Amino acid sequence: MILELDCGNSFIKWRVLHADAARLVAEGVVDSDQALLDSLHGCDPLNLKYCRLVSVRTNEETDALVSLLIDAFGVTVSCAAPAREMSGVRNGYEDYQRLGLDRWLAMLGAFHLASGACLVLDFGTALTADLIAADGEHLGGFICPGMPLMRNQLRTHTRRIRYDDLAASRALESFEPGRNTVEAVERGCSLMLRGFVLTQLELARSYWGQDFSVFLTGGDAGLVSGIVPEARVVPDLVFVGLAMACPLS
Ligand SMILES: Nc1ncnc2c1ncn2[C@@H]1O[C@H](COP(=O)(O)OP(=O)(O)OP(=O)(O)O)[C@@H](O)[C@H]1O
Ligand SMILES: CC(C)(CO)[C@@H](O)C(=O)NCCC(=O)O
Ligand SMILES: [K+]
């Protein structure tokens with residue numbers, strides 16, 4: 001079996017595939033290395049042979065996780081690495097090694113699925129946009145605070161903004177002007193996400209007219225999918241790219 005990991009800034013997304021890579025055995029989202037080990041030990045016995053992972057954490061943190069996995073499961077670990085060019089996509093950064101590997105893999109996955117120009121939007125801790133032209137040239141992208149960062153900055157830097165997660169998810173049932181703090185903040189931040197998305201769509205149209213695909217991924221993609229009905233919501237887009245960057249051979 002193959003263990004796949006997407007180690008983001010807040011969460012580790014994991015899944016276990018059967019050796020033929022076709023069948024999903026188990027999956028989850030955890031907030032620490034230990035929680036990952038607990039989840040994997042809690043599964044029906046897993047016959048893990050191989051692990052591929054992408055991390056945007058520090059090398060020290062990533063190395064520590066790799067050691068834990070080798071000790072616990074004896075897996076062979078392959079980590080996605082930066083590349084100037086792969087699977088027809090050319091990294092557009094001045095220094096290709098600086099481009100976040102989650103962005104890079106999402107781009108590889110999107111370009112593979114679209115076989116044409118694409119706009120890739122990832123709604124995680126950070127919100128990122130990347131534009132890839134039909135010839136595979138990465139034009140570059142944008143990084144801004146995602147929903148968790150926007151909301152936490154407001155909570156941290158104001159004295160009277162306090163509310164719980166349940167109230168937050170209820171507040172997002174509508175986008176009318178908020179009549180209490182939680183509605184005002186949650187709807188306000190969601191509208192910032194939406195405004196960003198609409199601006200990205202305009203930019204993509206200015207390059208490619210109507211001739212491009214839009215991909216949405218990341219935990220908060222659902223907050224904006226309604227305003228881009230033509231978009232493909234692909235929660236495992238990073239994993240699609242991960243399999244391309246770390247083939248089993
Ligand atoms: N099943 C889920 N598990 C975790 N977070 C979820 C889930 N569904 C939605 N979310 C929301 O998704 C956001 C986190 O997104 P995601 O897990 O893609 O990124 P991350 O690991 O925090 O960051 P990164 O961008 O570094 O990968 C949070 O706002 C969280 O509330
Ligand atoms: C932007 C994030 C945090 C998104 O997860 C990640 O891709 C990252 O840490 N990138 C490095 C900086 C960059 O991409 O320019
Ligand atoms: K991510």
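All ligand and atom numbering here is 1-based and tracks the order in the structure. Quick caveat: nothing in here was measured; it's all calculated off a predicted structure. Heavy atoms only: backbone and side chains are in, while hydrogens, waters and symmetry mates are out.
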To check your reading of the site, what angle at the K ion (ligand 3) do OD2 of Asp122 and OD2 of Asp102 form, to 10°?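 Once rounded, the angle between the two atoms at the K ion (ligand 3) is 90°.
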
Should the ring pair Tyr93 and His138 be called parallel, tilted or perpendicular, given that the plane angle runs from 0 to 90° and is split at 30 and 60?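 Tyr93 vs His138 ring planes: parallel.
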
Please state which part of Val29 comes within less than 4.0 Å of ligand 1, counting heavy atoms only: side chain, backbone, both or neither.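 Val29 to ligand 1: side-chain contact only, backbone stays beyond 4.0 Å.
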
Of all the non-hydrogen atoms in the protein, which one sits nearest to [atom], and at what distance?
atom: atom 29 (O) of ligand 1; result: Asp220 OD2, 2.7 Å
atom: atom 12 (C) of ligand 2; result: Arg98 O, 3.6 Å
atom: atom 26 (O) of ligand 1; result: Asn9 N, 2.7 Å
atom: atom 15 (O) of ligand 2; result: Tyr93 OH, 2.6 Å
atom: atom 5 (N) of ligand 1; result: Phe11 CE1, 3.9 Å
atom: atom 23 (O) of ligand 1; result: Thr125 OG1, 2.8 Å

Between CD1 of Ile227 and CG of Leu201, what distance do you get to the nearest 0.5 Å?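 The distance works out to 7.0 Å.
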
As an exercise, state the distance from CG of Asp63 to OG of Ser55, rounded to the nearest 0.5 Å.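 Result: 9.0 Å between the selected atoms.
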
Distance filter under 4.0 Å to [X] heavy atoms, resulting ligand 1 atoms:
X: Gly8; answer: 21 (O), 24 (P), 26 (O), 27 (O)
X: Ser10; answer: 21 (O), 22 (O)
X: Pro148; answer: 28 (C), 29 (O)

Check whether [X] reaches the backbone of [Y] with its side chain - one donor and one acceptor, N or O, closer than 3.5 Å.
X: Arg170; Y: Asp165; value: no
X: Asp236; Y: Phe239; value: no
X: Arg23; Y: His18; value: no

Contact check: [X] vs ligand 1, nitrogen or oxygen atoms, below 3.5 angstrom:
X: Asp6; answer: no
X: Gly219; answer: yes
X: Lys13; answer: yes

Contacting atoms of ligand 2, where contact means under 4.0 angstrom from a heavy atom of [X]:
X: Arg103; value: 7 (O), 13 (C), 14 (O), 15 (O)
X: Leu99; value: 14 (O)
X: Ile143; value: 1 (C), 13 (C), 14 (O), 15 (O)

Over 12 non-hydrogen atoms of neighbours within 6.0 angstrom of CZ in Arg162: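 Result for CZ/Arg162: enclosed.
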
Measuring from atom 3 (C) of ligand 2, which candidate in Val56, Leu127, Asn9 has the nearest non-hydrogen atom?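 The nearest heavy atom belongs to Asn9.
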
Heavy-atom nearest option to atom 2 (C) of ligand 2, drawn from Val238, Asp102, Asp6: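 Answer by nearest heavy atom: Asp102.
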
Considering only NZ, NE, NH1 and NH2 on the basic side and carboxylate oxygens on the acidic side, decide whether Asp6 and Arg15 come within less than 4.0 Å.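 Here Asp6 does not pair with Arg15 in a salt bridge, since their nearest N and O are not under 4.0 Å apart.
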
Side chains of Glu202 and Thr199: do they bring a donor and an acceptor to under 3.5 Å?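 No.
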
Any luck finding a side-chain donor-acceptor pair between Glu186 and Tyr163 under 3.5 Å?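 Yes, a side-chain donor-acceptor pair sits under 3.5 Å.
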
Side-chain heavy atoms under 4.5 angstrom apart, residues restricted to Ile, Leu, Val, Met, Phe, Trp, Tyr: same cluster for Leu131 and Ile143?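 They do not share one cluster, since no chain of ILVMFWY contacts under 4.5 Å joins Leu131 to Ile143.
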
State whether the shortest distance between N or O atoms of Gly100 and N or O atoms of ligand 2 falls below 3.5 angstrom.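 There is such a contact, yes.
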
Can you confirm whether something in the protein, heavy atoms only, sits under 4.0 Å from atom 7 (C) of ligand 1?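 Given the 4.0 Å limit, the answer for atom 7 (C) of ligand 1 is no, no protein heavy atom qualifies.
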
